[in-house]
Enquirer: 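Quick one: the structure is below, and I'll ask about it shortly.
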Amino acid sequence: MKNIVHFLSKSKLSILAILVLLCIQAYCDLALPSYTSDILNVGLQQNGIEDAVPDTIQEDSLATLELFLSDEDAAVVDGWYSQADENGIRTLASEAANDNEIRSELNDLLMVPECIVYEMSSSEDTAATLEQLQTAISSGMMTKEQLQEQMASAMDELEDMTDTYLSQIAVYYVSAEYEAQGVNMNALRNSYLWSIGLKMLAMALVMMAVSILTDLLASVVASKIGRGLRQAIYEKVMAFTNAEMEQFSTASLITRSTNDIQQVQMVTVMLLRMVAYAPILAIAGIIKVVQTAAGMGWIIVLAVVVLAACMGILFGIAMPKFRQIQKKVDRLNLIARELLTGIMPIRAFSREKHEEARFEEANHDLYKTQLFTNRTMTFMTPVMMFVMNGVSVLIIWVGAHYVDAGTMQVGDMTAFITYSMVIVMGFMMIGMISIMLPRAAVAADRIVEVIETPVTLSDPDQPQDAALSNANGVLAFNDVSFCYPGADEPAIEHITFTAEPGKTTAIIGSTGCGKSTLLNLIPRFYDVTEGSITLDGVDIRQISQHRLRELLGYVPQKGVLFSGTIESNLKYGGPQITDQDMTQAADIAQATEFISGKAEGYQAPIAQGGSNVSGGQKQRLSIARAIAKHPKVFLFDDSFSALDYKTDLTLRKALATQTRDASVIIVAQRISTILHADQIIVLDEGKIVGMGTHEELLNSCGTYQEIARSQLSDAELAGIQKGGEA
């Protein structure tokens with residue numbers, strides 16, 4: 001996970017904006033249950049009357065309420081109502097109506113008197129008594145203090161009741177007061193319901209806008225992370241030497257560059273959208289529960305404990321399997337890649353059934369692992385639903401007793417259920433994303449493993465590129481030895497020779513003698529273990545890799561073409577290659593004939609890997625690509641093996657005129673290819689066993705003689721020897 005967090009740390013501002021938006025969304029999301037509660041409690045049960053403070057009241061009614069208030073409290077209440085109009089109606093001051101603190105104070109003062117008056121007015125006998133009391137006080141027969149002393153027990157009994165119960169009775173009083181004034185209660189209720197409904201609609205619209213914006217930002221952040229990781233892996237792999245390429249298989253690098261990055265990108269969106277939102281929602285929901293609950297918080301604690309225990313058990317079982325999935329994907333990709341690239345030899349050897357069995361084995365292995373994890377994690381959803389439904393039933397069961405006792409209203413219980421579901425859903429979202437987190441964490445580790453792999457070859461701190469501004473191309477091996485990493489024996493040892501401009505140096509020897517290894521040291525695919533290689537007297541390790549390879553024209557043993565056109569492949573050496581360079585190179589490489597035979601000419605398409613051209617055509621295009629670059633040193637790694645003898649001879653004659661100012665090094669298997677080389681180096685088991693011209697080696701080198709006898713007839717050997725003597 002630390003790697004995923006590290007990836008996210010590069011987008012701090014966007015993540016901060018997402019967190020702010022999520023807080024806004026959580027506020028709106030958690031406001032809706034309270035509005036639903038208001039609709040039930042206030043809108044439907046209380047006809048839109050929110051508290052015990054009437055906005056308008058009859059003067060006689062206010063005087064009756066003040067009978068049960070102290071003179072000081074009565075003065076406070078009386079001061080917030082205007083003088084009676086012609087209908088005897090007094091109106092609450094707008095300042096008090098809009099100030100929550102003042103309104104709350106008035107509510108506390110009026111609640112108990114309203115309950116007393118409402119209870120006394122509920123029967124005719126008590127109502128008559130109330131009128132008699134009013135008359136007695138107004139006539140001076142009884143003081144307000146005497147009345148309050150007589151009603152002390154009733155007032156104490158009411159004050160011992162819950163605020164919820166008292167609030168309900170007080171609201172009934174206000175409703176009766178409004179009806180007495182002729183207020184349309186249906187219109188009052190509908191007005192309140194419309195106001196709450198519009199607020200809910202506004203909250204929903206804000207939530208929608210915030211959700212869209214959050215998704216957009218999360219997608220942008222994830223896309224940037226994916227783009228950055230792909231770019232980082234690409235640049236790192238391009239800097240890899242053969243040693244690093246051998247450390248990671250091609251199939252694994254493909255998986256890491258595609259599937260692994262996709263996993264990280266997908267989980268990043270969910271982290272920013274769901275995982276970040278879940279705790280915000282859960283914490284805010286707990287706060288709301290504390291404000292709403294009447295001793296039912298233990299239900300939430302119980303639900304969270306059950307969920308955490310279930311998730312812990314499931315992840316404990318499934319986690320080890322998650323770590324195996326990516327490796328099995330690597331294995332499947334490796335086999336699939338081998339099947340696709342080796343389809344021709346597979347068919348030639350009738351090994352289709354064998355390869356199908358290999359693929360089926362890897363595929364079934366991945367299938368079983370994924371099936372196990374999926375089956376394990378499928379228990380999460382029913383467990384979550386069971387807990388959610390169980391919580392709802394438990395809340396209704398316990399809440400019903402509180403509603404019956406008058407300590408909770410139906411709307412409050414509904415809101416509590418909603419908040420509880422929000423908290424449980426928060427944990428459920430974390431649980432669902434946790435299914436993907438292990439795979440993403442493994443994928444992130446695999447990506448970082450590639451990015452942080454140290455490259456064994458690097459440019460010098462102060463490259464001596466300036467010394468090669470007018471390079472001649474004199475390449476020298478000075479007692480060079482090389483040993484592959486981890487190998488016990490050196491691949492080549494004590495190699496010393498010089499390749500000069502205008503001359504051809506050929507390297508020949510049996511398979512595995514180190515010919516290609518020697519050639520790979522020149523472009524620094526590997527660095528020498530001992531000795532040095534110099535170009536115009538400068539050690540190639542003191543030259544930047546870019547400058548060194550600019551001076552080289554390399555043709556690999558296996559011709560490699562890139563998807564595009566013939567022109568894009570021949571001009572692959574850089575934008576400095578002109579059309580004239582391209583056509584001239586094609587002529588020298590004997591490729592003009594088959595290029596002109598195509599309707600599109602140089603614009604003819606080349607498929608991936610050059611699969612739509614023959615081996616000989618691919619080889620000639622690879623040679624032309626190197627020639628068009630006009631390098632100072634040509635490196636041919638057995639590049640003429642796919643050509644017929646006639647094309648080989650014609651190509652080398654044309655090439656000789658082009659390479660008069662460049663050094664040419666040819667690795668070859670066929671003696672006919674190197675007969676006229678100025679210098680032939682014979683390798684055997686990584687050592688030089690002969691060096692000279694063809695004629696000299698025939699007379700002095702036993703290894704060369706064996707190669708010659710295996711490839712040339714006695715007549716050809718005799719002819720070559722006579723030509724040499726002449």
Enquirer: Is the side chain of Ser481 donor-acceptor paired with the backbone N or O of Glu530 at a distance under 3.5 Å, no angle test?
Expert: no
Enquirer: Establish, from distance only, whether the side-chain atoms of Asp587 and Thr592 form a donor-acceptor pair under 3.5 Å.
Expert: yes
Enquirer: Determine the minimum heavy-atom distance between Val267 and Ala440, stating which atoms define it.
Expert: CG2-CB, 3.3 Å
Enquirer: Test Thr268 against Phe7 for side-chain contact (heavy atoms from CB on, under 4.5 Å), laying out the working first.
Expert: CA-CA 9 Å; Thr268 298; Phe7 300 153; over 6 Å; no
Enquirer: What I'd like to find out is whether the side chain of Pro523 reaches to under 4.5 Å of the side chain of Leu548, using heavy atoms alone.
Expert: no
Enquirer: Hey, is Arg709 close enough to Glu706 for a salt bridge, meaning N to O under 4.0 Å?
Expert: no
Enquirer: Tell me which pairs pass ring-ring contact (aromatic ring centres under 6.0 Å, His included) where either residue lies in residues 505-526, with sequence neighbours left out.
Expert: Phe482-Tyr526, Tyr484-Tyr526, Phe525-Tyr554
Enquirer: side-chain contact (heavy atoms from CB on, under 4.5 Å) with Asp638: which of Gln619, Lys558, Gln669?
Expert: Gln669
Enquirer: Side-chain contact, heavy-atom cut-off 4.5 Å: Phe240 with Val455?
Expert: yes
Enquirer: Check whether more than 12 heavy atoms from other residues, nucleotides or ligands sit under 6.0 Å from atom NZ of Lys503, and answer yes or no.
Expert: no
Enquirer: Does a side-chain heavy-atom distance below 4.5 Å link Met245 with Val237?
Expert: yes
Enquirer: Measure from the side-chain N and O atoms of Ser596 to the backbone N and O of Glu593, and report whether any donor-acceptor pair falls under 3.5 Å.
Expert: yes
Enquirer: Run Asn259 and Asn333 through side-chain contact (heavy atoms from CB on, under 4.5 Å) and show every step you take.
Expert: CA-CA 11 Å; Asn259 182 271; Asn333 282 347; 5.6 Å; no
Enquirer: Met238 vs Glu235, test: side-chain contact (heavy atoms from CB on, under 4.5 Å). Steps then yes/no.
Expert: CA-CA 5 Å; Met238 292 300 290; Glu235 291 177 354; 5.7 Å; no
Enquirer: Can you list the residues that meet the ring-ring contact (aromatic ring centres under 6.0 Å, His included) rule with Phe634, with sequence neighbours excluded?
Expert: Phe636
Enquirer: List the atom of Ile522, the atom of Ile540, and the distance in Å for their closest heavy-atom pair.
Expert: O-CD1, 3.6 Å
Enquirer: Within a reach of under 6.0 Å around CD of Gln584, are more than 12 heavy atoms found that belong to other residues, nucleotides or ligands?
Expert: yes
Enquirer: Does Asp527 have any side chain to side chain donor-acceptor pair (under 3.5 Å) partners at least two apart in sequence or in another chain, and if so, which?
Expert: Arg524
Enquirer: Does Gln603 CD have over 12 foreign heavy atoms under 6.0 Å away?
Expert: yes
Enquirer: Tell me whether Glu600 at atom CD has more than 12 heavy atoms from other residues, nucleotides or ligands lying less than 6.0 Å away.
Expert: yes
Enquirer: State, to 0.1 Å, how close Gly690 and Cys701 come at their nearest heavy-atom pair, and which atoms those are.
Expert: CA-SG, 4.1 Å
Enquirer: Any side-chain heavy atom of Ser663 sitting closer than 4.5 Å to one from Lys632?
Expert: no
Enquirer: For a quick test of reading the model, state the closest non-hydrogen atom pair linking Pro631 to Ala626 and the distance between them.
Expert: CD-O, 3.4 Å
Enquirer: Do Arg227 and Ser223 get their side chains close enough for a donor-acceptor pair, meaning under 3.5 Å?
Expert: no
Enquirer: Answer yes or no: is there a donor N or O on one side and an acceptor on the other, between the side chain of Asp678 and the main chain of Thr504, under 3.5 Å?
Expert: yes
Enquirer: For Phe349, is the CZ atom crowded, meaning more than 12 foreign heavy atoms sit under 6.0 Å from it?
Expert: no
Enquirer: Would you mind reporting whether Leu332 and Asn363 have side-chain heavy atoms less than 4.5 Å apart?
Expert: yes
Enquirer: Between Lys515 (side chain only) and Ser510 (backbone N and O only), is there a donor and an acceptor less than 3.5 Å apart?
Expert: yes
Enquirer: Within the supplied structure, the quantity of interest is the number of heavy atoms (other residues, nucleotides, ligands) at a distance under 6.0 Å from Glu352 CD; does it exceed 12?
Expert: yes
Enquirer: Under 6.0 Å from the CD atom of Gln576, do we count more than 12 heavy atoms belonging to anything else shown?
Expert: yes
Enquirer: Is Arg625 close to Leu561 at the side-chain level, that is, under 4.5 Å between some pair of heavy atoms?
Expert: yes
Enquirer: Could you tell me whether Phe497 atom CZ has more than 12 heavy atoms of other residues or ligands within 6.0 Å of it?
Expert: yes
Enquirer: Is there a donor-acceptor contact under 3.5 Å from the side chain of Arg620 to the main chain of Gln590?
Expert: yes
Enquirer: Is the Tyr704 ring parallel, tilted or perpendicular to the His694 ring (thresholds 30°, 60°)?
Expert: perpendicular
Enquirer: So among Thr583, Asp579, Ile606, which one has a side-chain contact (heavy atoms from CB on, under 4.5 Å) with Glu567?
Expert: Asp579
Enquirer: Side chain of Asn612, backbone of Ala607: donor and acceptor closer than 3.5 Å?
Expert: yes
Enquirer: Which atom pair, heavy atoms only, marks the closest approach of Arg358 to Arg331?
Expert: NH2-NH2, 4.4 Å
Enquirer: Is there a donor-acceptor contact under 3.5 Å from the side chain of Thr498 to the main chain of Ala476?
Expert: no
Enquirer: Would you check if Arg446 and Thr255 make a side-chain contact, meaning some heavy-atom pair closer than 4.5 Å?
Expert: yes
Enquirer: Between Thr578 and Asp581, is any side-chain donor less than 3.5 angstrom from a side-chain acceptor?
Expert: yes
Enquirer: Is it the case that the side chain of Thr505 and the backbone of Gln679 share a donor-acceptor pair, with hydrogens and angles ignored and the cut-off at 3.5 Å?
Expert: no
Enquirer: Below 4.0 angstrom, N of the basic side chain to O of the carboxylate: do Glu493 and Lys687 qualify?
Expert: yes
Enquirer: Taking the side chain as everything from C-beta on, heavy atoms only, tell me whether Phe477 gets closer than 4.5 Å to Ile688.
Expert: no
Enquirer: If you apply the rule side-chain contact (heavy atoms from CB on, under 4.5 Å), what do you find for Ile595 with Leu621, and how did you get there?
Expert: CA-CA 10 Å; Ile595 293 174; Leu621 290 175; 4.1 Å; yes
Enquirer: Under 3.5 Å, side chain of Asn374 to main-chain N/O of Gln370, donor-acceptor pair present?
Expert: yes
